[in-house]
Amino acid sequence: MSTTVRRAWRRMRRAYLHACARDDAAGRGVQVPSGVWVCDRCEEALLELASFREHLRLVHPI
């Protein structure tokens, strides 16, 4: 399997798991954030775009 296909599969699986988690939380009356950013390089999940950009700037400089 090529790297692009594996990456797309991993992203699709992660999106599905996040959607299921949001549906489960909504059913239990728990509030969850609407946006989650996940770093492709280290798989760290961040809840704010600003913190995601800061993570990329500090941890993975180009």
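Numbers here are sequence positions counted from 1. This one's a predicted model, so the numbers in the text were calculated from it and none came from an experiment.
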### Query
Does any non-hydrogen side-chain atom of Val38 lie less than 4.5 Å from one of Glu43?
yes

### Query
How close do His55 and Leu46 get, heavy atom to heavy atom, and via which atoms?
CB-CD1, 3.8 Å

### Task
Kindly compute the distance separating OG (Ser51) from CG (Leu56), expressed to the nearest 0.5 Å.
10.0 Å

### Task
Let me know which of Arg10, Arg11, Arg7 forms a side-chain hydrogen bond (donor to acceptor under 3.5 Å, both in side chains) with Asp40.
Arg11

### Message
Is it true that, when you exclude Arg14 itself, more than 12 heavy atoms of the residues, nucleotides or ligands shown sit nearer than 6.0 Å to its CZ?
### Response
yes

